[in-house]
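Have a look at the structure below, then the notes.
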Amino acid sequence: MIAVVYLFMIRPQMKRQKEEKKFAEELKRGDRVITKSGLHGKILDLNDTTVILESGAGKMKFERTALSLELTKKLNEPAKVEKKK
């Protein structure tokens, strides 16, 4: 029972946490990102714990933890081309 809980619940959560940490460490100026609340922006400046984003509404300051890895991946993926029949 413990092995099943570890394989299906604990291990995937640890993997997600590791990916989020790596994402936050690799951020750099000029990256396009999406916050967890859905705000799209471009990174203007980075500090140890905060990020200044430029969006259509102006410049805003966010915590690094407010940036979403999964949404940002989707934003930066190349557009998929649909086949025409």
Side-chain angles (χ1 to χ4, degrees):
M1 180 72 166
I2 294 172
V4 170
V5 170
Y6 177 77
L7 287 174
F8 290 106
M9 296 179 74
I10 298 171
R11 189 165 181 253
Q13 179 64 27
M14 289 172 41
K15 183 179 177 185
R16 268 192 300 275
Q17 287 175 341
K18 189 182 288 185
E19 288 174 354
E20 287 279 345
K21 184 178 179 183
K22 182 180 176 188
F23 167 73
E25 290 172 354
E26 291 178 349
L27 289 173
K28 60 188 179 300
R29 294 178 77 186
D31 284 349
R32 293 178 12 187
V33 295
I34 302 176
T35 64
K36 291 181 180 176
S37 62
L39 180 89
H40 292 240
K42 181 178 168 185
I43 297 177
L44 292 179
D45 193 23
L46 294 164
N47 294 329
D48 291 338
T49 58
T50 60
V51 176
I52 297 178
L53 294 181
E54 179 182 32
S55 69
K59 296 178 185 177
M60 292 181 240
K61 190 175 197 177
F62 286 92
E63 294 292 321
R64 278 186 182 228
T65 57
L67 300 178
S68 172
L69 168 65
E70 293 181 18
L71 293 174
T72 301
K73 274 186 190 176
K74 291 178 185 176
L75 173 71
N76 292 322
E77 283 180 354
K80 295 181 181 177
V81 179
E82 294 182 23
K83 290 184 178 180
K84 294 182 180 178
K85 290 186 177 181

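Fair warning: this is a prediction, and the values are worked out from it, not measured in the lab.
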Exercise. What's the spacing between His40 NE2 and Thr72 OG1 if we round to 0.5 Å?
Worked result: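 Output value for this atom pair is 9.0 Å.
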
For this session: Could you tell me the separation between the CZ atom of Arg64 and the CD atom of Glu20, rounded to the nearest 0.5 Å?
Result: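 So the CZ of Arg64 and the CD of Glu20 are separated by 13.0 Å.
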
If you look only at pairs with a residue in [range], which of them pass as a side-chain hydrogen bond (donor to acceptor under 3.5 Å, both in side chains), with sequence neighbours excluded?
range	result
residues 3-13	Gln13-Arg16
residues 45-57	Asn47-Thr50
residues 29-38	Lys28-Asp31, Thr35-Ser37

Exercise. For Leu7, does the CG atom have more than 12 heavy-atom neighbours from other residues, nucleotides or ligands under 6.0 Å away?
Worked result: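 Correct, the count exceeds 12.
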
Exercise. Would a hydrophobic clustering, with Ile, Leu, Val, Met, Phe, Trp and Tyr connected at side-chain separations under 4.5 Å, put Met9 with Met14?
Worked result: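 In one cluster: yes.
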
For this session: Could you pull out all residues at least two apart from Val4 that satisfy side chain to side chain contact (heavy atoms under 4.5 Å, CB included)?
Result: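 Here the qualifying residues are Phe8.
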
For this session: If you link ILVMFWY side chains whenever their heavy atoms are less than 4.5 Å apart, which other residues fall into the same cluster as Ile43? By chain and number, please.
Result: Phe23, Leu27, Val33, Leu39, Leu46, Val51, Leu53, Met60, Phe62, Leu67, Leu69

